There are 2 protein chains.
Amino acid sequence: MGNLTHHHHHHPVDPEKFQAELKDKLNSLGYRYTPQRQQIVGLFLSEEGHLTAKEVTEHVQQQSASIDQATIYRSLEFFYKIGVLSCSQMGGQTVYEIAHSVPHHHLVCTNCDTVMPLDDHHFDDLVAHLWQDHQFRAELTHLTISGLCGHCAN
Amino acid sequence: MGNLTHHHHHHPVDPEKFQAELKDKLNSLGYRYTPQRQQIVGLFLSEEGHLTAKEVTEHVQQQSASIDQATIYRSLEFFYKIGVLSCSQMGGQTVYEIAHSVPHHHLVCTNCDTVMPLDDHHFDDLVAHLWQDHQFRAELTHLTISGLCGHCAN
DNA sequence: CTCCTTATTGCAAATAGTTGCAATAATAAC
DNA sequence: GTTATTATTGCAACTATTTGCAATAAGGAG
């Protein structure tokens with residue numbers, strides 16, 4: 001499986017501030033901001049783009065001695081559930097990234113593996129339709145749409 | 001994880017005929033229709049709806065002595081690649097079903113786990129838009145859209 | 001600063017899914 | 001039917017992910 005490149009306009013974020021606010025948020029919810037969790041979030045703040053659980057494990061274990069893989073899997077799941085990370089399926093792999101305030105989806109080229117963001121509003125019509133004609137309240141999380149990018153379509 | 005129920009209008013298929021035609025198709029492509037593959041396809045023809053690899057393994061190994069799990073995983077992948085089975089992600093699980101001639105997607109209620117089919121044509125506008133404004137040739141395989149069904153939305 | 005509660009971790013074992021390879025058996029050709 | 005070819009299988013080992021549980025330590029209260 002090829003590298004998952006990533007072409008994103010990056011919301012500038014102050015890591016210090018982000019982490020401080022995150023700690024407050026977790027504490028107010030009764031959760032704890034452990035060094036392990038700090039490192040994992042720190043990694044996502046420093047590395048641009050999507051990371052698999054395996055990649056997180058490698059990076060994190062390189063820095064700090066031994067954070068167990070179970071901790072990493074549990075942390076990714078945890079941050080996903082509380083909305084700090086987003087999670088999507090890409091080429092059979094589960095990838096995580098910092099959850100932007102503006103939800104977005106991904107276009108993945110099956111030929112060159114380029115990942116392009118796709119704004120959420122493109123699904124507004126579909127969501128409205130599902131609600132009106134199917135009585136279904138769609139909760140669109142990060143969809144991954146495969147296909148060929150303009151470059152590879154030729 | 002709860003049972004994945006399934007509410008589908010079923011294309012009536014004659015299993016005998018289906019299997020015979022499948023054998024010819026595979027042979028003409030240089031593949032072989034082994035007893036293992038026959039059993040797996042037979043299961044999908046008899047069981048309505050989606051099955052996970054684990055469910056397939058259980059059913060198949062119950063009937064016939066010992067078909068290895070590797071064979072099952074490889075067969076599911078194989079049938080998916082040649083278009084006999086379709087594959088989609090549902091609640092973190094990979095599920096397979098007989099690929100209908102008319103592509104469709106799934107609406108999954110996050111509350112009661114009901115699965116509803118959603119016709120492919122609902123994405124025509126989106127696909128056209130992606131092509132015109134993003135130069136992206138979307139290949140929509142089976143999308144799974146989570147949300148609340150009309151029943152649970154109240 | 002110390003103590004208490006309990007969320008979280010690390011460990012180890014279990015469950016999922018994948019892969020290399022020699023043995024097997026489905027086809028096609030004769 | 002027999003034989004040759006090679007796709008496919010079973011096995012076993014491996015990687016990926018999950019889970020139970022006792023030990024640890026974060027954060028609130030005093």
Side-chain angles (χ1 to χ4, degrees), chain A residues 1 4 19-41 50-61 63-82 84-85 87-96, chain B residues 1-2 4 19-42 50-61 63-82 84-85 87-96:
Chain A
M1 312 220 168
L4 299 172
Q19 298 241 15
E21 289 179 353
L22 181 52
K23 171 171 163 47
D24 289 345
K25 179 182 175 182
L26 294 199
N27 288 345
S28 69
L29 291 169
Y31 301 125
R32 295 168 188 181
Y33 202 39
T34 65
Q36 291 89 336
R37 288 180 176 171
Q38 289 170 42
Q39 266 198 62
I40 292 171
V41 170
H50 311 99
L51 295 171
T52 63
K54 197 186 173 192
E55 289 169 338
V56 173
T57 306
E58 286 169 357
H59 284 244
V60 164
Q61 290 189 341
Q63 287 192 347
S64 186
S66 58
I67 296 183
D68 197 79
Q69 49 172 358
T71 301
I72 293 179
Y73 281 101
R74 281 188 282 227
S75 296
L76 292 174
E77 172 79 3
F78 169 77
F79 283 126
Y80 170 60
K81 279 196 177 164
I82 64 170
V84 170
L85 294 180
C87 168
S88 42
Q89 298 297 319
M90 228 168 259
Q93 291 188 109
T94 304
V95 294
Y96 296 86
Chain B
M1 310 226 168
L4 299 171
Q19 298 239 17
E21 289 179 351
L22 182 53
K23 170 170 163 48
D24 289 344
K25 178 182 177 183
L26 294 198
N27 288 345
S28 70
L29 290 169
Y31 301 124
R32 296 171 185 177
Y33 203 39
T34 64
Q36 293 88 336
R37 287 181 177 171
Q38 289 170 41
Q39 266 199 62
I40 292 171
V41 170
H50 311 97
L51 294 171
T52 64
K54 198 186 173 191
E55 289 169 339
V56 173
T57 306
E58 286 168 356
H59 284 244
V60 165
Q61 290 189 340
Q63 287 193 349
S64 187
S66 57
I67 296 183
D68 198 80
Q69 50 169 1
T71 301
I72 293 179
Y73 282 102
R74 281 188 283 227
S75 296
L76 293 174
E77 173 77 4
F78 169 77
F79 284 126
Y80 169 59
K81 279 195 177 165
I82 64 169
V84 171
L85 293 180
C87 168
S88 44
Q89 299 296 318
M90 229 168 259
Q93 292 188 109
T94 303
V95 295
Y96 296 86

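Values below: every heavy atom of this structure, side chains too, minus hydrogens, waters and symmetry copies. Here the structure is a predicted model, which means the values were calculated and not measured.
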When the distance from [atom1] of [X] to [atom2] of [N] is rounded to whole Å, what number comes out?
X: B:Y96; N: C:dG17; atom1: OH; atom2: C1'; result: 10 Å
X: B:K54; N: D:dT17; atom1: NZ; atom2: P; result: 17 Å
X: A:Q69; N: C:dT15; atom1: CD; atom2: P; result: 16 Å
X: A:D68; N: C:dT9; atom1: CG; atom2: P; result: 10 Å
X: B:I67; N: D:dT8; atom1: CD1; atom2: C1'; result: 12 Å
X: B:L29; N: C:dA26; atom1: CG; atom2: C1'; result: 15 Å
X: B:R32; N: D:dG10; atom1: CZ; atom2: P; result: 15 Å
X: A:K23; N: C:dA7; atom1: NZ; atom2: P; result: 16 Å

Item to check | Non-hydrogen side-chain atoms of B:Y73 and B:Q69 separated by less than 4.5 Å | outcome: yes
Checklist outcome for this item: Shortest non-hydrogen pair, B:S75 vs B:I40, comes out as CB-CD1, 3.5 Å
Checklist outcome for this item: Which of A:I72, A:T57, A:T34 passes side-chain contact (heavy atoms from CB on, under 4.5 Å) with A:I67? It is A:I72
Checklist outcome for this item: Looking only at C:dA26, D:dC11, C:dT27, the nucleotide nearest the B:A70 side chain is D:dC11
Item to check | Of the listed nucleotides C:dT8, D:dT8, C:dA26, the one nearest the side chain of A:R37 | outcome: C:dT8
Checklist entry - Is the shortest side-chain N/O distance from A:T71 to OP1 or OP2 of C:dG10 below 4.0 Å? => result yes
Next on the checklist: Any side-chain N or O of A:T34 below 4.0 angstrom from OP1/OP2 of D:dA25?
Outcome noted: no
Checklist entry - Ignoring hydrogens and angles, does a donor from either the side chain of B:R74 or the base of C:dG17 sit under 3.5 Å from an acceptor on the other? => result no
Checklist outcome for this item: dist A:R74:CZ -> A:K81:NZ (nearest 0.5 Å) comes out at 12.5 Å
Next on the checklist: Taking any heavy-atom pair under 4.0 Å as a contact, classify A:Y73: base, sugar-phosphate, or nothing.
Outcome noted: base
Checklist entry - When you look at B:E21 and B:K25, which way does the salt bridge (Lys or Arg N to Asp or Glu O under 4.0 Å) test go after all the steps? => result CA-CA 6 Å; B:E21 289 179 351; B:K25 178 182 177 183; over 6 Å; no
